[in-house]
**Q** 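After the structure tokens below, expect a handful of questions from me.
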Amino acid sequence: MDKQMQSMHEMRNKLLAARTPEERSRLMTEQMKLMQGGMDMMGGMGMGGMRGMGPMGAASAPMDMNTRQQMMEKRMEMMQTMMQMMMDRTAPEPAPAAK
């Protein structure tokens, strides 16, 4: 999950630094794929998935409250990052720099 978050932050920075509409369009396509991967990841992290499912879906002891809290915080951070990325997508393209 940390790797996914890092990838999303890096993609957002690249998108914000894009200089041409073509570059922005290409990065937006990559960003959409990255966000879809994040959504897939979060699908397995819902409340049902946190009730004692270990790696690879193997049943394990229920999570302790501290671990559960950390997982929920990471999930919330990922959701906020995705929401910001979606807002960035709807923002008007920056005007070309004046010469």
**Q** Is it possible for you to say whether Met11 and Met79 belong to one hydrophobic cluster, with membership spreading through side-chain heavy-atom contacts below 4.5 Å?
**A** yes
**Q** Can any side-chain N or O of Gln4 pair as donor or acceptor with the backbone N or O of Leu34 at less than 3.5 Å?
**A** yes
**Q** If you define the side chain from C-beta out and look only at heavy atoms, does anything of Lys74 sit under 4.5 Å from Gln70?
**A** no
**Q** Can you see which heavy atom on Glu77 is nearest to which on His9, and at what distance?
**A** OE2-NE2, 4.0 Å
**Q** CE of Met39 to CE of Met78: how many Å apart, nearest 0.5 Å?
**A** 10.5 Å
**Q** As an exercise, state the distance from CD of Gln31 to CE of Met82, rounded to the nearest 0.5 Å.
**A** 10.5 Å
**Q** Work out which heavy atom in Lys14 is nearest to a heavy atom in Leu27; give both atom names and the distance.
**A** O-CD1, 3.5 Å
**Q** Ignoring hydrogens and geometry, is there a side-chain-to-backbone donor-acceptor pair from Ser25 to Pro21 under 3.5 Å?
**A** no
**Q** For the CG atom of Asp40 and the CE atom of Met35, what is their distance to the nearest 0.5 Å?
**A** 12.0 Å
**Q** Classify the side-chain pair Gln84/Gln80 by whether it contains a donor and acceptor separated by less than 3.5 Å.
**A** no
**Q** State plainly whether the residues Arg26 and Glu22 are in salt-bridge range, i.e. N to O under 4.0 Å.
**A** no
**Q** Is there a path of hydrophobic side-chain contacts, each under 4.5 Å between heavy atoms of I/L/V/M/F/W/Y residues, joining Met8 to Met76?
**A** yes
**Q** Compare every heavy atom of Arg19 with every heavy atom of Glu23, then report the nearest pair and how far apart it is.
**A** OE1-N, 3.0 Å
**Q** Should we count CE of Met5 as having more than 12 external heavy atoms under 6.0 Å?
**A** yes
**Q** Can you name the one residue among Met85, Glu10, Arg24, Glu30 that meets side-chain contact (heavy atoms from CB on, under 4.5 Å) with Leu15?
**A** Arg24
